Amino acid sequence: MPRVLITDGLSAAGLQILRDTPGIEPVVKDGLTPEQVREALADVDGIIVRSATKLTPAILEGQKRVKVIVRAGVGVDNIDLPAATREGIIVMNTPAGNTISTAEHALALMLALSRNIAPAAAAMKAGKWDRKKFTGTQLAGKTLGVVGLGRIGLAVARRAVVLEMNVVGYDPFFSAERAAEYGIELVRDVEELVPRVDYLTVHTPLTPETENLFDAARLSRMKKGVRIINCARGGIINEDALADAVESGHVGGAALDVFVEEPPAADHKLRKLDNVLLTPHLGASTDEAQESVGVEAAELITAYLIRNEIRAAVNTAPISGTEMSEMRLYLDLGYRLGRLLAQLGRSNPVRRARLQYRGDVAHKKTKLVTGAFAAGLLADAVEQVNLINAEMMAQERGIELVETTSSEAGDFATMVSATVESGDGACTSASGTLFGHEYVRLVRLDGFHLDSYLDGLMLVYRHRDVPGLIGYIGTTLGKHGVNIANMALGREKATPGGDSVAILNIDSAPSAEALAEIGKHPEVTGLQLVKLPPRGAALPGVMARPE
Ligand code: NAD
Ligand code: MLT
């Protein structure tokens with residue numbers, strides 16, 4: 001039964017979904033050390049985390065059972081994505097559930113900064129009544145700069161427009177037309193926004209590009225007295241530079257919900273400054289947001305573990321349960337072609353694989369089929385390779401994967417062709433198709449047309465098409481106790497005597513002696529035993545679900 005570990009808590013409604021889903025066993029463990037998380041992961045199929053649990057390479061490396069990580073929230077920066085992908089683990093998040101709550105928190109901080117709410121409240125608690133000291137500023141008529149106009153940034157901007165602020169925004173993936181619809185003035189770059197704004201709020205992810213986006217130099221170009229809010233990720237605004245700018249009075253106030261290190265050190269400079277308002281990463285901490293992300297996280301993980309449905313994944317393409325069942329045979333075909341070609345070209349390291357999708361398959365999610373092909377290609381060389389990590393594994397080994405699609409059907413209504421090229425330029429190719437709703441078939445091998453099963457033990461031999469050879473091979477295998485289940489023959493020319501290829505599906509592996517006896521026949525020019533999974537076997541990764 002799939003087990004789901006929850007390490008940072010989950011809303012009651014989310015937990016109930018897990019408990020009510022037949023076949024899922026939730027395991028709630030709070031306050032684990034990194035070592036305990038690593039140990040606990042070894043016994044579960046999925047994990048739901050918020051931001052406290054850090055899934056580092058050291059924790060993820062070598063995990064064999066866990067197949068999915070769901071982040072109940074937006075930011076996946078506490079999960080090492082390359083490490084998860086390398087281990088073949090899907091990572092999903094719940095991007096929309098806490099948008100409004102976080103936007104409201106940013107606005108709350110902006111209002112609180114403007115009206116000195118926190119120090120005024122603290123003074124009242126201390127028995128004081130100081131009205132002059134806490135005189136504030138009005139938001140209406142002021143200019144707010146919003147960097148990052150995604151879900152949260154846009155929600156903040158729209159609300160600020162209603163508060164009669166002038167909103168100037170920057171986001172490289174937002175169009176000026178769309179901005180105008182919302183009453184936002186879009187600028188071309190951050191620099192253009194910097195000198196104009198009275199308030200700044202950032203809503204980007206933390207990336208190499210956004211880290212220290214506001215450093216000392218940029219802060220110094222902002223208006224004197226500017227108020228700055230960060231409810232996105234610590235480090236987008238350089239903490240030291242911000243502290244200095246507040247201290248010098250250049251920045252009039254700062255409100256931060258997120259920090260480079262969480263929690264920040266007890267003696268962190270920003271904790272000590274007046275005009276700095278800090279909250280402990282509370283953006284998404286509302287009943288509504290937690291219920292929403294908890295429910296979504298529970299639904300995502302059960303949909304995946306029960307129906308192989310991939311939604312909101314950040315390291316692979318999304319795929320619905322229906323699509324997954326439609327794609328199953330294609331993925332199987334891609335995987336088997338990969339395994340076949342890896343074995344046929346074994347002596348030469350593969351440098352490039354070209355995948356061509358023709359006919360019906362061209363309308364499917366071919367990237368996943370390419371992933372399945374790559375998983376097959378590397379299956380005998382790399383431990384734990386699956387659909388999720390195969391492309392990355394191929395890339396790391398210098399194998400280029402090239403995909404082309406054509407909706408025009410060729411000889412078959414649907415066909416997947418793969419050619420692998422080795423460093424010395426040698427090529428081996430194979431094409432497969434689907435027969436009905438159940439069968440994958442090999443229909444071309446290195447230009448030879450044939451019709452072969454693509455499963456189990458396959459004896460592939462190249463030969464000259466002369467009388468008596470099939471009889472010789474059949475007799476030799478029979479003499480060594482090997483039963484032939486099926487035979488497919490492809491020949492170069494319509495007339496006998498030319499180069500041909502044959503594939504025998506056999507019920508047991510021939511001995512070395514039997515193979516030597518076949519190989520020494522003067523008309524046999526090549527002989528190879530290929531081992532594929534039996535028909536219907538589960539694919540590694542998303543297809544291999546525990547019962
Ligand atoms: P989103 O993906 O919807 O939006 C991010 C936007 O940033 C995108 O539109 C993107 O184009 C833009 N962007 C990326 N790089 C940029 C750059 N260099 N300059 C300008 N814009 C850039 O994400 P979201 O859901 O709006 O979340 C935004 C941030 O808020 C994330 O970092 C998320 O982790 C954080 N967050 C914090 C809390 C909290 O509790 N404080 C809660 C939720 C989300
Ligand atoms: C997020 O990225 O969603 C936030 O950090 C909210 C959280 O999980 O606390």
Side-chain angles (χ1 to χ4, degrees), residues 6-11 14 48-55 69-79 81 91-110 145-159 168-175 178-179 182 184 186-194 200-215 218 229-237 255-260 262-263 277-294 296-297 300 312 314:
I6 297 135
T7 50
D8 297 333
L10 194 68
S11 67
I48 299 179
V49 296
R50 278 188 66 190
S51 56
T53 301
K54 310 283 180 239
L55 294 175
I69 297 167
V70 177
R71 162 72 160 102
V74 183
V76 287
D77 40 344
N78 54 324
I79 301 159
L81 287 182
V91 179
M92 305 179 184
N93 66 350
T94 60
N98 58 30
T99 298
I100 303 293
S101 289
T102 310
E104 287 182 358
H105 196 67
L107 288 164
L109 293 180
M110 182 163 69
V146 183
V147 178
L149 288 165
R151 284 172 294 261
I152 298 169
L154 184 60
V156 170
R158 291 176 66 184
R159 283 156 178 78
V168 181
Y170 170 65
D171 187 318
F173 298 101
F174 206 80
S175 73
R178 198 160 163 239
Y182 292 111
I184 304 165
L186 196 74
V187 291
R188 276 167 309 158
D189 53 32
V190 182
E191 267 317 299
E192 201 181 325
L193 171 148
V194 159
L200 171 77
T201 182
V202 292
H203 298 285
T204 67
L206 182 68
T207 63
E209 208 188 316
T210 61
E211 189 167 13
N212 295 321
L213 187 64
F214 287 84
D215 56 7
R218 199 157 257 164
I229 297 113
N230 184 1
C231 275
R233 279 295 177 265
I236 297 173
I237 296 158
L256 307 179
D257 184 47
V258 286
F259 305 88
V260 172
E262 293 189 3
L277 175 56
L278 308 178
T279 52
H281 204 142
L282 292 182
S285 295
T286 62
D287 292 341
E288 294 82 353
Q290 284 318 302
E291 163 132 0
S292 171
V293 297
E296 202 180 334
L300 285 177
V314 295

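Model, not experiment: these values are computed from the prediction. Keep in mind that the numbers below use all heavy atoms, side chains included, and drop hydrogens, waters and symmetry copies. Both counts, for ligands and for their atoms, begin at 1 and track the order of listing.
- Per-residue contacts place His281 under 4.0 angstrom from the following atoms of ligand 2 (heavy atoms of the residue considered): 4 (C), 5 (O), 6 (C), 9 (O).
- The N/O atoms of Val74, backbone and side chain alike, include one that comes under 3.5 Å of an N/O atom in ligand 2.
- Contacts with ligand 2 closer than 4.0 Å are made by no heavy atom of Val293, backbone or side chain.
- Annotation: ligand 1 has protein neighbours Val74, Gly75, Asn98, Thr102, Val147, Gly148, Leu149, Gly150, Arg151, Ile152, Tyr170, Asp171, Pro172, Phe173, His203, Thr204, Pro205, Glu209, Thr210, Cys231, Ala232, Arg233, Asp257, Val258, His281, Gly283, Ala284, each with a heavy atom less than 4.0 angstrom from the ligand.
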Could you check Val168 against Val146 for side-chain contact (heavy atoms from CB on, under 4.5 Å), going step by step and ending with a plain yes or no? CA-CA 6 Å; Val168 181; Val146 183; over 6 Å; no
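- In this structure, the side chains of Leu213 and Ile237 stay at 4.5 Å or more apart for every pair of heavy atoms.
- Of all atoms in ligand 2, listed by their number and element, those nearer than 4.0 Å to a heavy atom of Arg50 are 7 (C), 8 (O), 9 (O).
- Which parts of ligand 2 touch Gly73 is read off a 4.0 Å heavy-atom cut-off, strictly below it: atoms 3 (O).
- Taking a 6.0 Å sphere around CZ of Arg158, one finds it holds 12 or fewer heavy atoms contributed by other residues, nucleotides or ligands.
- When atom types are taken as modelled, the side chain of Arg71 and the backbone of Met92 share no donor-acceptor pair closer than 3.5 angstrom.
- Each of the atoms 1 (C), 2 (O), 4 (C), 5 (O) of ligand 2 lies under 4.0 Å from some heavy atom of Arg233.
- Here the options are Thr286, Leu282, Ile229, the test is side chain to side chain contact (heavy atoms under 4.5 Å, CB included), and the partner is His105; only Leu282 passes.
- In this structure, atom 6 (C) of ligand 2 lies nearest to the protein heavy atom Ala284 CB, 3.5 Å.
- Within the listing of ligand 2, atoms 1 (C), 2 (O), 3 (O) sit less than 4.0 angstrom from a heavy atom of Gly75.
- Counting the atoms of ligand 2 from 1 in the order shown, those under 4.0 Å from a heavy atom of Ala72 are 8 (O).
- Looking at Cys231 and His281, their side chains never come closer than 4.5 Å, going by heavy atoms from C-beta outward.
- Residues Gly73 and Asn93 come closest through the heavy atom pair O-CB, 3.4 Å.
- Ranking the protein heavy atoms by distance from atom 8 (O) of ligand 2 puts Arg71 NH1, 2.7 Å first.
- In this structure, Ser285 does not count as a contact residue of ligand 2, since none of its heavy atoms falls inside 4.0 Å of the ligand.
- Proximity of a side-chain donor or acceptor of Asp215 to a complementary backbone N or O of Arg218 within less than 3.5 Å is detected.
- With hydrogens and angles left out, the side-chain atoms of Ser51 and Asn78 include no donor and acceptor closer than 3.5 Å.
- The nearest pair of heavy atoms linking Tyr170 to Arg188 is CE1-O, 3.1 Å.
- Ionic pairing of Arg159 and Glu104 is not present here: no N-O contact between side-chain nitrogen and carboxylate oxygen is shorter than 4.0 angstrom.
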